[in-house]
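If you read the sequence from its start, that first residue is 1, and numbering goes on from there. Every heavy atom of this structure was used, including side-chain atoms; hydrogens, water molecules and symmetry mates were not. Please read all numbers here as calculations on a predicted model, not as lab measurements.
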Amino acid sequence: MYQFSRAIYRELAHEIDGDAGRNGHEAVLKSCEETIERLVTDRHYFARPARTLFNDIRVHFPMRAQARVFRVVSAYLAAADEWLARQPRQGYDASGNPMQCRATTRRGTACQRDPLPHNGYCPSHQHLAETEEAELVAA
């Protein structure tokens, strides 16, 4: 998936403000990677990824380049979203049921969101994984 974030960065790198120096390049690349990662892990709850990324990186570009930056970001994120939609859904348990977050909602029903692979909780319930780790360390 990082080919999308790297492609956005490569296409826009020559237009980054020279005043920002190396920090500007690092910030743009980091924002691109974070956006793509969120698009992969929390796609259905990420309403406007192109606008979010553009707002994160626009400060590193001169005013004359803003329209082009938005077009590039929009095009690549639309391509990434389309590519993700074509991928087979991963995360089925041994019974063939889709994986779900281990947490329950306030109403007592199971959370329907897709869990992250490293701990079984969705992004909204990450705090529960942190409390579990703290309890294990304390014991």
Side-chain angles (χ1 to χ4, degrees):
M1 272 314 296
Y2 283 111
Q3 68 265 24
F4 289 107
S5 62
R6 298 297 170 127
I8 294 169
Y9 172 75
R10 278 192 307 270
E11 191 155 334
L12 298 176
H14 67 280
E15 294 188 34
I16 295 174
D17 254 345
D19 298 339
R22 183 181 170 111
N23 292 338
H25 287 271
E26 289 174 1
V28 169
L29 181 58
K30 184 178 180 207
S31 293
C32 291
E33 289 176 350
E34 287 173 352
T35 300
I36 293 295
E37 185 173 337
R38 182 171 173 206
L39 190 64
V40 170
T41 59
D42 200 23
R43 183 168 156 240
H44 298 290
Y45 295 92
F46 195 8
R48 297 182 184 97
R51 189 167 79 175
T52 300
L53 178 58
F54 176 69
N55 285 334
D56 289 346
I57 66 174
R58 65 186 275 178
V59 298
H60 302 290
F61 294 92
M63 208 52 187
R64 61 179 159 63
Q66 300 278 321
R68 182 175 184 283
V69 170
F70 185 74
R71 282 193 306 272
V72 168
V73 166
S74 296
Y76 277 103
L77 288 179
D81 191 44
E82 180 183 323
W83 185 82
L84 281 170
R86 285 184 286 150
Q87 298 308 306
R89 186 162 188 263
Q90 308 233 336
Y92 290 93
D93 63 11
S95 306
N97 300 321
M99 298 286 287
Q100 292 180 336
C101 176
R102 296 175 14 200
T104 56
T105 63
R106 291 180 185 163
R107 293 183 180 166
T109 59
C111 177
Q112 299 296 311
R113 294 181 69 188
D114 293 332
L116 298 175
H118 62 278
N119 63 12
Y121 287 104
C122 69
S124 295
H125 293 114
Q126 286 299 302
H127 64 282
L128 297 174
E130 294 166 4
T131 57
E132 279 182 359
E133 291 171 7
E135 289 173 2
L136 287 175
V137 170

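Scanning both residues, Asp81 and Leu39, for their nearest heavy atoms gives N-CD2, 4.2 Å. Contact record, Ser5 with Tyr2: OG-O, 3.0 Å, taken as the closest heavy-atom pair. Taking each heavy atom of Leu128 and Ala103 in turn, the nearest pair found is CD1-CB, 3.6 Å.
Residue Leu29 is not grouped with residue Val59 when hydrophobic side chains (ILVMFWY) are merged at heavy-atom distances under 4.5 angstrom, including chains of intermediate members.
Side-chain N or O atoms of Gln66 include one that pairs as donor or acceptor with a backbone N or O of Phe61 at under 3.5 Å. Checking side-chain atoms of Thr104 against main-chain N and O of Gly108 turns up no donor-acceptor pair under 3.5 Å. The backbone N or O of Pro62 lies less than 3.5 Å from no partner atom in the side chain of Glu15, so there is not a single donor-acceptor pair.
Between His60 and Asp17, every side-chain heavy-atom pair lies at or beyond the 4.5 Å cut-off. Looking at heavy atoms from C-beta onward, Gln112 lies out of side-chain contact with Cys122 at the 4.5 angstrom threshold. Counting heavy atoms from C-beta on, the side chains of Leu12 and Arg68 come closer than 4.5 Å. Looking at heavy atoms from C-beta onward, Arg38 lies out of side-chain contact with Pro49 at the 4.5 angstrom threshold. The side-chain heavy atoms of Cys111 and Gln100, taken from C-beta on, include no pair separated by under 4.5 Å. Residues Cys101 and Tyr121 are in side-chain contact: their nearest non-hydrogen atoms beyond the backbone lie under 4.5 Å apart.
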Pairs under 3.5 angstrom only: tabulate donor-acceptor contacts from the side chains of residues 71-79 to other protein residues two or more places apart or in another chain.
| unit_1 | atom_1 | unit_2 | atom_2 | d |
| --- | --- | --- | --- | --- |
| Ser74 | OG | Phe70 | O | 2.9 |
| Tyr76 | OH | Glu11 | OE1 | 2.8 |

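When each of Glu26, Glu34, Glu33 is paired with Lys30, the salt bridge (Lys or Arg N to Asp or Glu O under 4.0 Å) condition holds for Glu34 and for no other.
Counting only residues at least two apart or in different chains, salt bridge (Lys or Arg N to Asp or Glu O under 4.0 Å) contacts with residues 53-66 are absent.
Between the OG1 atom in Thr52 and the CD1 atom in Ile57 there is a gap of 11.5 Å [rounded to 0.5 Å]. Between the SG atom of Cys32 and the CG atom of Leu53 there is a distance of 5.0 Å, given to the nearest 0.5 Å. Separation of atoms CZ (Arg10) and CD (Gln3) is listed at 9.5 Å; rounding is to 0.5 Å.
For the residue pair His25/Tyr9, the side-chain donor-acceptor check at 3.5 Å is satisfied.
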